[in-house]
2 protein chains.
Amino acid sequence: MSSFADRLADACRRRGNPVVVGLDPRWQQLPPGLEPDGEVNPWRRRAAGYRAFCRAIIDVVCELVPAVKPQVAFFEQLGPAGMVALADVISYARQRGLLVIVDGKRNDIGSTAEAYADGWLGNDSPWGGDALTVSPYLGSDSLEPFVSMAVQRDTGLFVLVKTSNPGGGQFQDKIADGRQIYRHVAEHIEHLSTKTVGHCGLGAVGAVVGATYPEQLAELRSTMAHTWLLVPGYGSQGGTAKDCAAAFDARGLGAVINNSRGIIFAHERKEYATKFGPGRWLEAVAAATNDMIAQLRAETTVGRLSGS
Amino acid sequence: MSSFADRLADACRRRGNPVVVGLDPRWQQLPPGLEPDGEVNPWRRRAAGYRAFCRAIIDVVCELVPAVKPQVAFFEQLGPAGMVALADVISYARQRGLLVIVDGKRNDIGSTAEAYADGWLGNDSPWGGDALTVSPYLGSDSLEPFVSMAVQRDTGLFVLVKTSNPGGGQFQDKIADGRQIYRHVAEHIEHLSTKTVGHCGLGAVGAVVGATYPEQLAELRSTMAHTWLLVPGYGSQGGTAKDCAAAFDARGLGAVINNSRGIIFAHERKEYATKFGPGRWLEAVAAATNDMIAQLRAETTVGRLSGS
């Protein structure tokens, strides 16, 4: 198997786009008919709904995009039943040829971080993710086990640098030693990524940088030349294709752009609601995915990726 | 039900000590005879071992200490089977009268943070924890859903402030606006805790501060007068009872001290190995717990808690 960085580059080239579909199921918004009638336990009923919902989305998007990003929080919200569904969704996505970035924002000190890395990353792990999102607050020694595991198992991690939420700056933007905390984190990540660089010129240690902060996205693209960026905040949170343009290098590589609600609940968006409605929600998923791909290809260097 | 802060104060008073037993099972260190012979799936076999191991510890410590702290990473390392075991362990600990602080160091942006809070906290949640550890990197809006849930469900959270690991200072100790990042986090937590204060004078929003940094522990105790401190790093990581002294207020309240490996794997420690050995590992658990209680009562204001 090749490195995660190279597998991600190959997948972007093969699909001709860098779109990650965020799998963030919420039971209040599931299209009708997905939860089984016979199941009385509410967690198991919802978990079965999430499984059916995510599998159906995967069937649509596996031909269109390089990767999906299940958000662990929504599965975890259902207790153990949700976690069983999550494992199934990860495994199914990989079967269908998608890379799976597990969005768990995990971390802990040394040997505990190792347990997270061992559990989430790689073919032989019980969850089997290709990459995991990780929080940096605990410092370099908490990141080491994830980096070792990434190298050992050809997997990856994406460390939070500049998050997409309005309050993200409260600590991330504080200035110490002449620059913001997020820049200190970014420097450390770029250092780790440089040490794990693959054939594509990018490393196993990526960074999460929100599309809602386009200036910082541009700045971090130029200072983190060997680092894959995972960019949330597109669509529902306000980020546009234009905002993402600076995230890519000249080849159209270097970043993947996540969209969750804007794709998976596209049947609720006014652009698609009248055309498709809840009954044809999967057609809305396909249309929203294709529209996002077209927008990125029009506004960024992504158009230079060949595509299938 | 009374607030989490008051329930924790009552539990410390009832037991006469502030010891939290960290449930960090590791299959390489389990005493013999806990994994079922008939189970061929390695994850389910280990998960069954973790369940038996944690339940046996809970049976011993439920009469001695106010709370346990299961570390989610070790259960998560076993995949869904581990998560099923974790739910059982949490539920069993609560049945036996212990408060359960779930150590997950979770967080995410707004509505995703809400999913974590909803899933982990309170009697009606599928996991049923009394409190959850939370990471602050995403800022105030990511903490809000946990605080709301804590108030609504009489539960609590402990936000990472100054962690016990050697590399914790890399970002936490950076100085911005005249003081370290961890102090900025601490100020925000104290503000949130003051707004949620219970009869005991402490609030629902606690802080994680390592015993391995006794000076910062003293400083944070004085600047965070309304905040419960959860103190890891005792024992195996080097923290002593003397190091923890400054964490308590004059009543012997204000902090709970966690010990994981030093208690649950006490049979491997030289103080207990010859006396008990693996065959009598539960007696080693009881002895290590009682010794830690005695040390804290001798060296800190904890001796002023009445005890049963």
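Just so it is clear, the model here is predicted, and its values are computed rather than measured. Residue numbers begin at 1 in each chain, while the letters A, B, ... track the order of the sequences.
Side-chain contact check for Gln170(A) and Asp141(B): no donor-acceptor pair (N or O, by modelled atom type) lies under 3.5 Å.
With chain B as partner, the option from Asp24(A), Leu143(A), Val185(A) having the largest number of non-hydrogen pairs under 4.5 angstrom is Val185(A). Comparing Asn107(A), Val161(A), Leu86(A) by heavy-atom pairs within less than 4.5 Å of chain B, the highest count is held by Val161(A). Of the listed residues (Pro80(A), Gly139(A), Ser142(A), Gly119(A)), the one with the most heavy-atom contacts under 4.5 Å to chain B is Pro80(A). Interface check for chain B: of the options Asp103(A), Ile109(A), Asp108(A), Val84(A), the most heavy-atom pairs under 4.5 Å are formed by Asp108(A). No other option in Lys174(B), Met83(B), Arg26(B) has as many heavy-atom pairs under 4.5 Å with chain A as Lys174(B). Chain B forms the most heavy-atom pairs under 4.5 Å with one residue out of Ala87(A), Gly110(A), Pro166(A), and that residue is Pro166(A).
Applying the 6.0 Å contact sphere to CD of Glu215(B) captures no more than 12 heavy atoms from other residues, nucleotides or ligands.
Contact of Glu76(B) with chain A is made through backbone and side chain together, with heavy-atom distances under 4.5 Å. For Thr112(B), the parts lying near chain A are the backbone and the side chain together; criterion is any non-hydrogen pair under 4.5 Å. For chain B, the nearby part of Gln237(A) is the side chain; its heavy atoms alone come within less than 4.5 Å. The parts of Pro136(A) that come within reach of chain B are both its backbone and its side chain, each placing non-hydrogen atoms under 4.5 angstrom from that chain. If you measure heavy-atom distances from Thr133(A) to chain B, you find no contacts under 4.5 Å at all. Proximity to chain B is limited to the backbone of Ile175(A), based on heavy atoms less than 4.5 angstrom apart. Contacts between Leu78(A) and chain B at a heavy-atom distance below 4.5 Å involve the backbone alone (N, CA, C, O).
The minimum heavy-atom distance between Ser125(B) and Trp43(A), with the atom names listed, is C-CZ2, 4.4 Å. Shown here for Tyr137(A) and Tyr137(B), the closest heavy-atom pair between the two residues is CB-CB, 4.5 Å.
By the 4.5 Å heavy-atom criterion applied to side chains, Phe171(A) and Ser140(B) are not counted as neighbours. Between Tyr116(A) and Gln77(B) the shortest side-chain heavy-atom distance does not fall below 4.5 Å. In this structure the side chain of Lys105(A) never reaches within 4.5 angstrom of the side chain of Arg106(B), judged on heavy atoms.
Listed for the Asn165(A) side chain is a donor-acceptor partner under 3.5 Å among the backbone atoms of Leu138(B).
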